[in-house]
Amino acid sequence: MVTANLAYLIPLFPLLAFVINILFGRYVKDKACWISVGASALSCGIAWPLIVGVIGGTTYHHDFAWLALGGVDLKFGYLLDPLAATLLFVVTLVGTLIQIYAIGYMKGEARFSRFFAYLSLFMFGMLGVVISDNFLLFFMCWEVMGLCSYLLIGFYSEKDSAANACKKAFLTTRVGDVGFLLGILALFTLAGTLSFAELHDAVELNRDSQLMITVTALLLFCGTIGKSAQVPLHVWLPDAMEGPTPVSALIHAATMVAAGVFLVARAYPLIEASAQAAQVIAIVGTVTALTAACVALTATDIKKVLAYSTISQLGYMVAAMGCGAMVAGIFHLMTHAFFKALLFLGAGSVIHGTGTQDLREMGGLFPKMKSTAWTFLIASLAIAGVPPLAGFWSKDEILLAAHQYGNLYYYALSLTAFLTAFYMFRLFVLTFLGKPRNPDIHAHESPKSMTGPLWVLAVGSILVGLPGSFLAHNWFQDFLNRGHEVEHPVNYTVMITSIALGLAGIALAFLLYRGGLGMGEKLARSLAWPHRVSMNKFWIDEAYAAWLVRPWHALARLLFGLDAKVVDGAVNGTGAGTLGGSRVSGWFDKYIIDGTVNFIAAFTQFCSDIFRLFQTGFIQNYLLIVFAAVVFILYFGIR
């Protein structure tokens, strides 16, 4: 029987798999995948009974003192409440399916064991984020994921594009993480605690410090802006497609980007206490959702379309949080994890079967890749909000919250819903329908190790939204709001409008692209300026390059010049002067000091050599010398 005391093992099994695969990869070789999958399965085996316990009404919480700071103990522990249980279900299930899929996708890869080692470390980081009971432990596991994103996005580091993409992702998310860390410090200053369980009461006790609450909430939200790719720090996510497709699915569906939304949910007592912070969050989420959807309209790389779709859907979730609908945001996070993982893995199957990522070269793949095509269709319908699939129920909850919060947000998110349906079925039609546009592509279906997870995710994309629907009396919302009575109004106007917008987007995509790119390109030429804006991604990357990258490069070159010419010049000049002085000193020491000493020694030896001639040891010689000296003295004395 699984007990709560085993909760610590949930993230530790993937960590153990990482250690084995990274240290002994040359020995385990192709078995590395089963070590990683087995570790994830063990995590599921421990997590799911605990999730059932949480559903039954239990909250599991345990901590221990880690570090004493003055009179305050910093504690580490786990917290399994309805929010954590939801994310735990998503991460363990979707993460395991993605790793199973990767077995077939990465077969034959030279660094096979290393890839699965990184995946396991990624799972460790995300599971640590999910079960952590305080912001400090949350942040530490959060940074593990940042490291893993760098390693996995740049997995093909021999490619310049991959090397640049991983650096861009790492540095961009660090900007948000600096704000997150400052938010943690501000929260500790404000409330004297970092515990999630104590946060609500701590905020209530400090209601009078409205400015500090707002600042703290927005600083914590900076972490979400970076990790969940919200405007203006969203630019790293499309470039993250340079990593292998299973990495894209893991980042975009079950781990890294979901962590940012989860952070907002954990910090929600602060956001509820600050209308200003909530409004900023709603604005950022809405702008992100609409901006990314506009860019996805013209993308021609299958993974880039899905990347911008992810950014847009994350904007939906964040906007829901700002509009006061935390539960709707988490509901959409859960449903999105299934159909977005399915879309990315489906895209990987298409790439595996065709050898290209360019939509302009595809077409007519449905008969050749039926499993991939059918599951991709299910995911596309789900993200387009077609009932009764999962995306419809969660998207409808967000639109209802936006409708209640303000018309501007509702209209913007409704337009985003229409654009989502359009660009997703533009992608589907160009990929699977019509005639092949490149006769050199000989497509084939992917192996069962890849299509099997697709069907499991397809079932999830159909069913996982039902617990939050009015058909199930909004059970999921009551589960997350446990202990609070919440009404669940049904606005049929919002519901019918969202369905109509989704169907209209699908119909327009079929109309424009069923015969290929012709009509779509013609429409694009007639909308020259909007098309240019979308194609150039609102010139945000160019703005960063002009206003940040190039000025900093110029400053770096200036500082390098100062360092090379002035600092190094001074150091080198001092070194040269010292060397010259040492040469003069060496000459003076050798020829003057040592020369004088050596001269005295030589002169002394010369004299000693002369006087030694008189030291014969014979008495008659000494008497002769004395006699000669006396004669010499007498002779010169008389004179």
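Quick caveat, the model's predicted, so the values are computed rather than measured.
Enclosure of atom CZ in F24 is not indicated, since only 12 or fewer non-hydrogen atoms of other residues, nucleotides or ligands lie within 6.0 angstrom. Around CD of E158, the count of heavy atoms belonging to other residues, nucleotides or ligands within 6.0 Å exceeds 12. More than 12 heavy atoms of other residues, nucleotides or ligands sit less than 6.0 Å from atom CZ of R111. For K590, the NZ atom is loosely surrounded, since the number of other residues' heavy atoms within 6.0 Å does not exceed 12. In this structure, Y150 places its OH atom where only 12 or fewer heavy-atom neighbours from other residues, nucleotides or ligands lie under 6.0 Å away. Counted within 6.0 Å of CZ on F538, heavy atoms from surrounding residues, nucleotides or ligands total more than 12; the atom is thus considered enclosed. Taking a 6.0 Å sphere around OH of Y27, one finds it holds 12 or fewer heavy atoms contributed by other residues, nucleotides or ligands.
With hydrogens and angles disregarded, a donor-acceptor distance shorter than 3.5 Å links the side chain of T173 to the backbone of F170. Within the 3.5 Å criterion, the main-chain N or O of S585 finds no donor-acceptor partner in the side chain of D589. Although no hydrogens or angles enter the test, the distance criterion places a donor-acceptor pair under 3.5 Å between the side chain of T224 and the main chain of G260. A distance-only check finds a donor-acceptor pair linking the side chain of N134 to the backbone of K75 [under 3.5 Å]. Although no hydrogens or angles enter the test, the distance criterion places no donor-acceptor pair under 3.5 Å between the side chain of R266 and the main chain of F262. Panel note: side chain E242, backbone A240; no donor-acceptor pair is recorded below 3.5 Å. Looking only at distances, no side-chain donor or acceptor of W587 sits under 3.5 Å from a matching main-chain atom of S582. S132 places a side-chain N or O within 3.5 Å of a backbone atom of V129 that can act as its donor or acceptor partner. Here the side chain of S195 pairs a donor or acceptor atom with the backbone of A197 at under 3.5 angstrom. Counting only distance, with no hydrogens or angles, the side chain of N164 and the backbone of D160 share a donor-acceptor pair below 3.5 Å.
Closest approach of G95 and M123 over heavy atoms only: CA-SD, 3.9 Å. Of all the heavy atoms in S274 and Q210, the pair that sits closest is CA-OE1, 4.2 Å. Residues L220 and L270 come closest through the heavy atom pair CD1-CD1, 3.5 Å. L237 and A229 make their closest contact through CD2-CB, 3.7 Å (heavy atoms, listed as atom of the first residue, atom of the second, distance). The nearest pair of heavy atoms linking S36 to S120 is OG-OG, 2.8 Å. For the residue pair S113 and K29, the shortest heavy atom distance occurs at CB-O, 4.1 Å.
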Quiz prompt | Worked verdict on L263 versus F221 for side-chain contact (heavy atoms from CB on, under 4.5 Å) | solution = CA-CA 8 Å; L263 169 60; F221 180 60; over 6 Å; no
| query | Can L50 and I10 be said to form a side-chain contact (heavy atoms from CB on, under 4.5 Å), step by step? | reply | CA-CA 11 Å; L50 296 178; I10 295 172; 4.1 Å; yes
### Message
If you apply the rule side-chain contact (heavy atoms from CB on, under 4.5 Å), what do you find for W142 with K227, and how did you get there?
### Response
CA-CA 9 Å; W142 175 281; K227 273 286 193 293; 2.8 Å; yes
Review point. Would V178 and L181 count as a side-chain contact (heavy atoms from CB on, under 4.5 Å) if you check the C-alpha gap in whole Å, the side-chain angles of each, and the deciding distance to 0.1 Å?
Key: CA-CA 5 Å; V178 169; L181 181 58; 5.9 Å; no
request  = Let me see the working for F112 and F116 under ring pair (Phe, Tyr, Trp, His ring centres under 6.0 Å), right down to the final yes or no.
outcome  = CA-CA 7 Å; F112 189 79; F116 278 92; 4.9 Å; yes
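Within the 4.5 Å cutoff, the side chain of L83 has no heavy atoms near those of the F196 side chain. At least one side-chain heavy atom of K537 sits less than 4.5 Å from a side-chain heavy atom of D541. Residues I540 and P232 have side chains not in contact (no heavy-atom distance under 4.5 Å, counting atoms from C-beta outward). Under the 4.5 Å side-chain criterion, counting only non-hydrogen atoms from C-beta, H352 is in contact with P447. Taking the side chain as every heavy atom from C-beta outward, V533 and W539 approach each other to under 4.5 Å. A heavy-atom distance below 4.5 Å is found between the side chains of V264 and I271. Between L119 and F115, the closest side-chain pair of non-hydrogen atoms falls below 4.5 Å. With contacts defined as side-chain heavy-atom distances shorter than 4.5 Å, the pair Y268/L199 does not qualify.
Note: F135 and F139 fail the aromatic proximity criterion, with ring centroids not under 6.0 Å apart. A distance of 6.0 Å or more separates the ring centres of Y60 and Y78.
Between atom CG of residue L233 and atom CG of residue D177 there is a gap of 10.0 Å, rounded to the nearest 0.5 Å. In this structure, NZ in K303 is found 14.0 Å from OH in Y308, a value given to the nearest 0.5 Å. For the atom pair CG of L579 and OG1 of T574, the computed distance is 12.5 Å after rounding to the nearest 0.5 Å. The CG atom of L306 sits 11.5 Å away from atom CD1 of I311, with the distance rounded to the nearest 0.5 Å. Atom CG in N21 sits 4.5 Å away from atom CD1 in I35 (nearest 0.5 Å). Of the inter-residue distances, the one linking T96 atom OG1 with L42 atom CG reads 10.0 Å to the nearest 0.5 angstrom.
With 3.5 Å as the limit, one finds a donor-acceptor pair spanning the side chains of Y8 and H62.
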